[in-house]
Protein chains: 2
Amino acid sequence: MKPYYQDDAVTIYHGEALGLVPLLPLFDAIVTDPPYSTGGMYRGDRMQSTVAKYVSSDTAAPRQEFTGDNRDQRSYLAWVTLWMTAALQRAKAGSVACLFTDWRQLPTTTDALQAGGWIWRGVAVWDKTLKARPAAGQFTSQAEYIAWGTCGPTEVRQLGYQIPGVFRAPAPDNADRDHITQKPLEVMRWVMDAIAPGGLVVDPFMGSGTTLVAAKESGRRAIGIEIEERYCEIAATRCSQEVLGLAL
Amino acid sequence: MKPYYQDDAVTIYHGEALGLVPLLPLFDAIVTDPPYSTGGMYRGDRMQSTVAKYVSSDTAAPRQEFTGDNRDQRSYLAWVTLWMTAALQRAKAGSVACLFTDWRQLPTTTDALQAGGWIWRGVAVWDKTLKARPAAGQFTSQAEYIAWGTCGPTEVRQLGYQIPGVFRAPAPDNADRDHITQKPLEVMRWVMDAIAPGGLVVDPFMGSGTTLVAAKESGRRAIGIEIEERYCEIAATRCSQEVLGLAL
DNA sequence: TGTAGGTATGAATCCGACT
DNA sequence: AAGTCGGATTCATACCTAC
C-alpha cells in the first residue's frame, strides 16, 4: 500500500475503498460522504465495482417520484453495509462513524450503519440555509443529514460545551468548489468536535479532501481514500497548503 | 359519530384513531404527531411511563402521562401503516401528509408512510435550538423531523415564497405546556403553509390541539381525534378561545 | 427601562442495583 | 440471566428577580 501523498498528519491512498479499508491501521473515526446517487451508478449486479462517478443531489433536476422499484436502494444498502462491516474490523472500541446522506437515503443509511455492526446513536443535520431551488408550495429540501454511531459503548468526553445537532452553513458556491458535493470546511470542523482530539480519522470517499483538511487543522490525523486520481491531487495540494498555513 | 366539540372551523372527536379515521369526511391534509414510542436505547427505557422517559428527573412541576407510547419498532411500523392506509382512503387527490417523528423513528415512519400508499416527498426539520438535553461529547439531539408526502401527484401551488425545510423554534417552557410533547404554535403555523388554504386538516392524535388552533387561525378547517378526554377538553378550550380572538 | 446574575429544565442517556 | 427500575448527569437557553 503505497500512499499517493503523506505528511505528518495526513495520508492519501489512490484506490478503491472496499479493497483498501481492510488494510488500514486501527482508527478512531470514519467520517465520509459516500456517493449517494439514486440512478445509473451501478453496473451489472457487482456491487464491488460501484464507485464510478459522483452525482450531486444539488444537480438533480426535478425529484423523481418513488416508484416502488427499490433496486438502487437495495444495492446501496448492501454496498454501504459491506464497507461499514470492513471498517468495524479496523475501528477501535468507542470509535465514531459519521455518514453524510440526503433525505432519500437516510433510512437506508441508518440501516446500513446498523447492519454493519455499528450502534446508531443519532442523526445530525447540516442546514444549508435557504437559497436552493424554488419549489412550489413544498418544504424546501435544504438539509443534508449525518447518520452517526459508535463501535460499542460511547466514549464519554467532557467537552465543557454542547456539540450542536443542527449546524447552519451555506453550501459553497459553484466557483469555490473542486468537487460537486464538496462540503464547507466549517461543516467538517463541526463534525471533528465529535471525535477525540489526536485521533485517526478515515474517509474512504475522500473527494477533494475537506475531511482531511479539517482533521489536520484541528489536531487530528487522517487517512483518505479516493478512486479518482485527479481528486487525490487536489486533496494533496489542499493538505500541503494547510501544512504551510495557507489554507483559509 | 358525535363530536366532543364543534365550531365553524374545528371539530373534535373523543375516541380512538384507528376506528374513527375511516368515518371521516374527505380531507386535504393529515398533520399529526403520534406517540413516538421512543425514549431510550433499551427496551426497558422505552417501556417506562411517559413522565419517567421524557421529563427531567429534577423537574419540579408535575406532568401528566399520555398513552400509546410503548410500542416496539415492529409494532410501531404496523400501527402507523394501519392508520395511514385508512387515511389514504379518505384523502383527496393531492392531499398532504405530515408526520412528526424523532430521529430514532424517522426511518420507520418513512417506511410506514410509503407502506400506507402515500408518496414520500421529503423530510422537514424542526430545530428546537440548543435548548435541549446535553450529551457529553455527542451531537445534541435537538431536532424533530416531519416525514411528509402526498396522495398521488403534488398539487402545484404558487405561494410567492419558499417554505423553509428547516424551522428554528425553541420548545415551549414546561409551565406553558398542557401536554408533555406540545409543539409551539409557530411550528404548526409553518406546517400549515404546506397545505392549501381553506382545506380540511385532520389530526388523529390531537393532544392539546395545537394543530387545530394553527389551522383555524390560518383559515383552514380541522378535525382532531384524541383518546384521552382530558386533552379533548384542553383542546376545545384552546379552540374556543381562538374563536373569541383571545388566543396568543 | 436596562443590565446582571440566579434558576429551572429539555419527546435523554447511561449505568448500576434489584427482581 | 434477562428484564425492570431509579438516580445521576450533561449545558444552552429562556425567564425571573434584584438592583
Side-chain angles (χ1 to χ4, degrees), chain A residues 93-94 96 119-125 148-150 152-168 190 193-194, chain B residues 32-73 76 80 98-106 108-109 125-147 167-184 186-188 205-208 210-211 228 231:
Chain A
V96 176
I119 299 174
W120 180 32
R121 299 283 177 180
V123 173
V125 179
W148 74 280
T150 59
T154 345
E155 185 189 308
V156 177
R157 288 187 302 130
Q158 301 297 339
L159 278 183
Y161 57 91
Q162 272 177 269
I163 306 176
V166 178
F167 188 82
R168 288 159 53 89
W190 161 57
D193 258 359
Chain B
T32 196
D33 186 28
Y36 300 167
S37 297
T38 183
M41 278 290 293
Y42 306 102
R43 184 171 166 275
D45 288 341
R46 290 191 293 274
M47 293 303 158
Q48 291 176 341
S49 77
T50 51
V51 166
K53 283 195 291 190
Y54 302 138
V55 179
S56 294
S57 53
D58 52 358
T59 301
R63 298 248 54 94
Q64 296 284 346
E65 297 283 347
F66 62 98
T67 49
D69 198 65
N70 296 289
R71 294 175 175 88
D72 69 21
Q73 216 157 48
Y76 189 77
V80 175
C98 297
L99 305 184
F100 279 81
T101 177
D102 71 347
W103 66 270
R104 193 183 297 279
Q105 297 288 28
L106 179 53
T108 307
T109 304
V125 178
W126 169 31
D127 175 4
K128 294 192 277 192
T129 74
L130 256 184
K131 190 195 167 188
R133 283 197 181 95
Q138 307 188 1
F139 295 106
T140 306
S141 176
Q142 68 181 89
E144 283 182 36
Y145 303 88
I146 300 171
F167 188 83
R168 278 168 60 88
D173 250 27
N174 196 354
D176 300 331
R177 279 181 304 171
D178 296 310
H179 193 283
I180 293 183
T181 71
Q182 188 167 334
K183 306 281 170 282
E186 324 151 58
V187 168
M188 286 305 178
F205 305 95
M206 180 187 67
S208 53
T210 311
T211 307
E228 289 195 54
Y231 291 120

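Everything numeric in this text was worked out from a predicted model, so none of it was measured. Protein chains get the first letters and strands the later ones, always in sequence-line order, with residue 1 at the start of each. Worth knowing before you read on, the calculation uses all heavy atoms, side chains too, and leaves out hydrogens, waters and symmetry mates.
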Measure from the side-chain heavy atoms of [X] and tell me the nearest of [options].
X        : options                : value
B/Ser56  : D/dT10, C/dT9, C/dA11  : C/dT9
B/Pro134 : D/dA12, C/dG10, C/dC14 : C/dG10
B/Gln138 : C/dA11, D/dT13, C/dC14 : C/dC14
A/Arg121 : C/dC14, C/dA11, D/dT13 : C/dC14
B/Asp69  : C/dA11, C/dT13, D/dT13 : C/dA11
B/Tyr54  : C/dC14, C/dT13, C/dA11 : C/dA11

Gap between atoms [atom1] and [atom2], on [X] and [N] respectively (whole Å):
X        : N      : atom1 : atom2 : value
B/Glu144 : C/dG10 : CD    : C1'   : 11 Å
B/Arg63  : C/dA11 : CZ    : C1'   : 12 Å
B/Tyr36  : C/dT13 : OH    : P     : 13 Å
A/Trp120 : C/dT13 : CH2   : C1'   : 15 Å
A/Gln162 : C/dT13 : CD    : C1'   : 14 Å
B/Arg104 : C/dA11 : CZ    : P     : 15 Å
A/Gln158 : C/dC14 : CD    : C1'   : 13 Å
B/Phe139 : D/dA12 : CZ    : P     : 16 Å

Do you know which two heavy atoms are closest between [X] and [Y], and how far apart they sit?
X        : Y        : result
A/Ile119 : A/Gly152 : CD1-O, 3.6 Å
A/Ala194 : A/Val96  : O-CG2, 3.7 Å
B/Ile180 : B/Val55  : CD1-CG2, 4.1 Å

### Query
Pick from B/Arg71, B/Arg104, B/Glu144: which one makes a side chain to side chain contact (heavy atoms under 4.5 Å, CB included) with B/Tyr36?
B/Glu144
### Task
Give me the one residue out of B/Lys53, B/Gln73, B/Gln105 that meets side chain to side chain contact (heavy atoms under 4.5 Å, CB included) with B/Ser37.
B/Gln105
Determine the contact category for [X]: base if any of its heavy atoms lies under 4.0 Å from a base atom, sugar-phosphate if only primed atoms, P, OP1 or OP2 are that close, otherwise nothing.
X        : result
B/Pro34  : base
A/Pro153 : nothing
B/Thr50  : nothing
B/Gly137 : nothing

### Query
When you check every protein heavy atom under 4.0 Å of nucleotides 1-8 of chain D, what one-letter string (B, S, -) results, 5' to 3'?
---S-B-B
### B/Thr67 OG1 to B/Tyr231 OH distance, which is reported to the nearest 0.5 Å
8.5 Å
### Message
Going by centres under 5.5 angstrom and planes under 30 degrees, do the aromatic ring of A/Tyr161 and the base ring of D/dA12 stack?
### Response
no
### Query
What pairs with A/Glu155 under salt bridge (charged side-chain N to carboxylate O under 4.0 Å, His left out), at least two apart in sequence or on another chain?
none
### Along DNA chain D (nearest heavy atom to each residue), the more 5'-positioned of B/Pro170 and B/Arg133
B/Arg133
### Query
What orientation do B/Phe139 and A/Trp148 show, parallel under 30°, tilted 30 to 60°, or perpendicular over 60°?
perpendicular
## Note on the structure
By nearest-nucleotide position on DNA chain C, the 5'-leaning member of B/Ala135 and B/Lys131 is B/Lys131
### Query
So, is B/Arg177 near the phosphate of C/dG10, with a side-chain N or O under 4.0 Å from OP1 or OP2?
yes
### Query
Below 4.0 angstrom from OP1 or OP2 of C/dG10, is there any side-chain N or O of B/Thr59?
yes
### Query
Are B/Trp126 and B/Phe167 an aromatic pair by the rule of ring centers under 6.0 Å?
no
### Query
Going by distance alone, is a donor N or O of one side chain under 3.5 Å from an acceptor N or O of the other, for B/Gln142 and A/Gln162?
no
### Query
Using Watson-Crick and G-U wobble pairs with both distances under 3.5 Å, what is the 5'-to-3' dot-bracket string of DNA chain C, with [ ] for crossing pairs and | for pairs outside the strand?
.|||||||||.||||||||
### Task
State whether A/Arg168 and B/Asp127 are salt-bridged, where the test is any N-O pair (Lys NZ or Arg NE/NH1/NH2 against Asp/Glu carboxylate O) under 4.0 Å.
no
### Query
Which value, in whole Å, describes the distance between the P atoms of nucleotides C/dA11 and D/dC15?
15 Å
